[in-house]
Amino acid sequence: MLSLYNTLTGKKELFQSLQPKHVRMYVCGVTVYDYCHIGHARSALVFDVLRRYLEFSGYQVEFVKNFTDVDDKIIKRANERGVSCETITAEFIEAYYQDMGKLGVRRATHEPKATEHMAEIIALVGTLIQKGLAYPVAGDVYFQVEKYRDYGRLSKRKLEDLQAGARVDVDERKRHPMDFALWKSSKPGEPSWESLWGPGRPGWHIECSAMAMRHLGETFDIHGGGMDLIFPHHENEIAQSCGATGKEFARYWIHNGFVQINQEKMSKSLGNFFTIREIFEKSEWPEDITGEMLRYFLLATQYRGPLDFSDRAIKEAKQALDGFYDLFQRLHEVGDRAAGESELASGIDRAQEAFRQAMDDDVNTPMALATLQKLRSDVNKFLEQGLSPEKRKLARTAFRSLGAVLGLFQLETWQFKLAPGVLSGRDGSQAVLADHDIESKLVERNEARKQKDFKKADEIRHFLAARGIVIEDKPDGTSRWKR
RNA sequence: GGCGCCGUACCCAAGUGGUUAAGGGAGCAGUCUGCAAAACUGCGAUGCAGCGGUUCGACCCCGCUCGGCGCCUCCA
């Protein structure tokens, strides 16, 4: 049974869906005014994996992830560039799909945009005013936090504490400093929609309430996002949604930890900021980085903890993947002897069970990866003893199916070998040897080895090594190679 | 000021009130090998920031201290 850490209760809880074998989850997506950074990648990945694991566990998952496409920052960016907001949002939605696509993040069931849900948003604001939880002031509408009893339940804050620490100038028109905008009147030139309170646009929080309810109903199972959204965003979502419906909103609130650089949160002001495409494209990195490497790196730490991004950590992810794909390549090679056959099957069974246990425990991906590492080591041992083609296939299939939950191990070995150049979008400045050229060099070299012409054999090894090709000689006199 | 998180070997990183504190990387020593690599074998925290307390027993529970971080304003 899956248990999840619920921010609402501060504990790990057994996960029980509202409907049997059916999960509805909503995750806060991005505001599309700039490229996504690794932090966005982590968040997207965490919930991508949760979704995959729920499906693996037999649930049908209805997954909604929104795009915030009306916002101050978008307007600002559009003005800077002298283009429309739509131009900006279209550009960065496209970029989002490119970047997340490289990371192997699957698309959600629904990916709604705020601008396409104005009717729902306006209706929701209207309901809140009717219920006395919100009030209009000169074209704006504010949510009145004091009218909502449970305000602060998620973030465990008291209204008085918030007030004491308020760092913002208090808007005179608000009845309480923490009241937040549901609807903002728009200035000339800004995107605007007609409403009972005049032309305007929605506040940030209301769109998520409206879209979640529209696509998942008033009460659903899981709501997720980054830790920084706990307050005020998710706190406000709860206030609006529960205030309007009188029902529970989301039952499990899941929040992922930050990606840090040198122990500090990434932020633009600190200048320690890496976008996903920068990581893929940047030439200052010693090696090309693939989506799978980034994925492995991001999953090697439990999702709630902080994660330090570094060159070294990426390298470790690459080394780990190399180890797996080396094994997959060996599994592909012909085998005949059959010694550790029965042990293999039970080893795989144990690994699958351990994997499930790890994932059941609040999506413990580092633990899950450890079980896969253990299996890798076991299969290598069996391989030493000899494995039949059927058993080799069985082993590869096990890695493929468990790996699919994490979005790993889906490539063929030859694709993995090519992956650095291909998946990162770089075509490589050095002349790349075609596979058949390498193969013919290997034939030439092995011929030389047979003749004991080791001088020539080593020349060929060095020739290929200079082009990034590593040769491994097998006991049977043939060789395998990798980039 | 309020709320919260983190501190496990050289590095990354799981974990548990009481058997040997996962796994990976690096390192060292072997097996194998024309060379090389891979793979395999072995070694590696008498201790889990520090100090107290609870307990028959704590790294894991409680308190305090030190160190690092986050949120309270937009933020994954």
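Every chain is numbered from 1, with letters handed out A, B, ... down the list of sequences. What's counted below: heavy atoms across the whole structure, side chains too, no hydrogens, waters or symmetry copies.
Distance A/H233 NE2 to B/U73 P: 15 Å, rounded to the nearest Å. Rounded to whole Å, atom C1' of B/A13 lies 11 Å from atom CD of A/Q302. Spacing between atom CE of A/M227 and atom P of B/G70 amounts to 14 Å, rounded to whole angstrom units.
For A/M178, the listed nucleotide lying nearest its side chain is B/U73; candidates were B/U73, B/C69, B/G34. For A/R330, the side-chain atoms get nearest to B/A39 when compared with the rest of B/A39, B/G24, B/G70. Here the side chain of A/V470 is nearest to one of B/A37, B/C74, B/C72, namely B/A37. Minimum atom distance to the side chain of A/P366 is reached by B/A13, of the listed B/G15, B/A76, B/A13. With B/A76, B/C11, B/C3 as the candidates, the nucleotide lying closest to the side chain of A/D228 is B/A76.
Looking at heavy-atom distances under 4.0 Å, A/K374 makes no contact with the nucleic acid at all. Looking at heavy-atom distances under 4.0 Å, A/G39 makes contact with a base. Across all strands, A/D71 comes closer than 4.0 Å to no nucleic acid atom at all (heavy-atom distances). Here A/V259 lies in heavy-atom contact (under 4.0 Å) with a base. Residue A/I471 is classed as a base contact, given a heavy-atom separation below 4.0 Å to a base. Residue-level contact check: A/F231 touches the backbone only, with heavy atoms under 4.0 Å from sugar-phosphate atoms and none from bases. No contact: A/A313 has no heavy atom under 4.0 Å from any strand. Using a 4.0 Å heavy-atom distance criterion, A/G152 is classed as making no nucleic acid contact. A/R376 comes within 4.0 angstrom of the backbone, heavy atoms only, and of no base.
Ionic pairing of A/K76 and A/D71 is not present here: no N-O contact between side-chain nitrogen and carboxylate oxygen is shorter than 4.0 angstrom. Ionic pairing of A/K174 and A/D140 is not present here: no N-O contact between side-chain nitrogen and carboxylate oxygen is shorter than 4.0 angstrom. With respect to A/E472 and A/K482, a salt bridge is recorded, a charged nitrogen being found less than 4.0 Å from a carboxylate O.
For the segment residues 472-481 of chain A, the set of residues with a heavy atom within less than 4.0 Å of an atom of RNA chain B comprises A/E472, A/D473, in numerical order.
Look at A/Q373 and you won't find any side-chain N or O under 4.0 angstrom from OP1 or OP2 of B/G25. Proximity of A/S377 to the phosphate of B/C40: a side-chain N or O atom is located under 4.0 Å from OP1 or OP2. Checking the phosphate oxygens (OP1, OP2) of B/C40, a side-chain nitrogen or oxygen of A/N380 falls inside 4.0 Å. A/K381 has a side-chain polar atom (N or O) that falls below the 4.0 Å cut-off from OP1 or OP2 of B/U41.
Nucleotide B/C32 has no partner under the Watson-Crick or G-U criteria, as no pair reaches both atom distances under 3.5 Å. Under the Watson-Crick or G-U wobble criterion, with both distances below 3.5 Å, B/C10 is paired with B/G25. As the counterpart of B/C69, B/G4 is assigned, both hydrogen-bonding distances of the Watson-Crick or G-U wobble pattern falling under 3.5 Å. Look at B/A38: it lacks any Watson-Crick or wobble partner with both distances under 3.5 angstrom. With a cut-off of 3.5 Å on both Watson-Crick or G-U wobble distances, the partner of B/U19 is given as none. The pairing partner recorded for B/U54 is none, the criterion being a Watson-Crick or G-U wobble arrangement whose two distances lie under 3.5 angstrom. The partner of B/A45 is absent, by the rule that a Watson-Crick or G-U pair needs both atom distances under 3.5 Å. Pairing of B/C60, defined by two Watson-Crick or G-U wobble distances under 3.5 Å, is not identified with any nucleotide.
Remark: A/R107 is positioned above the aromatic ring of A/Y97, its terminal NZ or CZ atom under 6.0 angstrom from the ring centre and at most 45 degrees off the axis.
When the P atom is used for both B/G47 and B/A38, the distance is 35 Å, rounded to whole Å. For B/G2 and B/C56, the P atoms lie 36 Å apart once the distance is rounded to whole Å. On the P atoms, B/C62 is 15 Å away from B/U54, given to the nearest whole Å.
Annotation: of the two residues near RNA chain B, A/M367 and A/G29, the 5′-most nearest-nucleotide partner is A/M367. Take the nearest nucleotide of RNA chain B for A/T371 and for A/Y5: the residue whose nucleotide is more 5' is A/Y5.
Ring-plane geometry between A/F15 and A/Y252 is classed as tilted, the angle between the planes lying from 30 to 60 degrees on a 0 to 90 degree scale.
Put simply, the side chain of A/D458 and the base of B/G34 share a donor and an acceptor less than 3.5 Å apart. Counting distance only, with no hydrogens placed and no angle test, the side-chain atoms of A/R461 and the base atoms of B/A36 include a donor-acceptor pair under 3.5 Å. Remark: the A/R157 side chain and the B/G1 base include no donor-acceptor N/O pair separated by less than 3.5 Å. Not a single donor-acceptor contact under 3.5 angstrom links the side-chain atoms of A/H255 to the base of B/A76.
A donor atom on one side chain and an acceptor atom on the other are found under 3.5 Å apart for A/E13 and A/T9. Side-chain contact of A/Y325 with A/E292: a donor-acceptor pair under 3.5 Å is present, judged by distance alone.
Residues A/Y26 and A/H223 place their aromatic rings such that the two centres sit under 6.0 Å apart. Taking the six-membered ring for Trp, A/Y35 and A/Y96 have ring centres at least 6.0 Å apart.
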**Request:** Evaluate side chain to side chain donor-acceptor pair (under 3.5 Å) for A/H234 paired with A/H255, printing each intermediate quantity in order.
**Result:** CA-CA 10 Å; A/H234 288 163; A/H255 295 96; 2.8 Å; yes
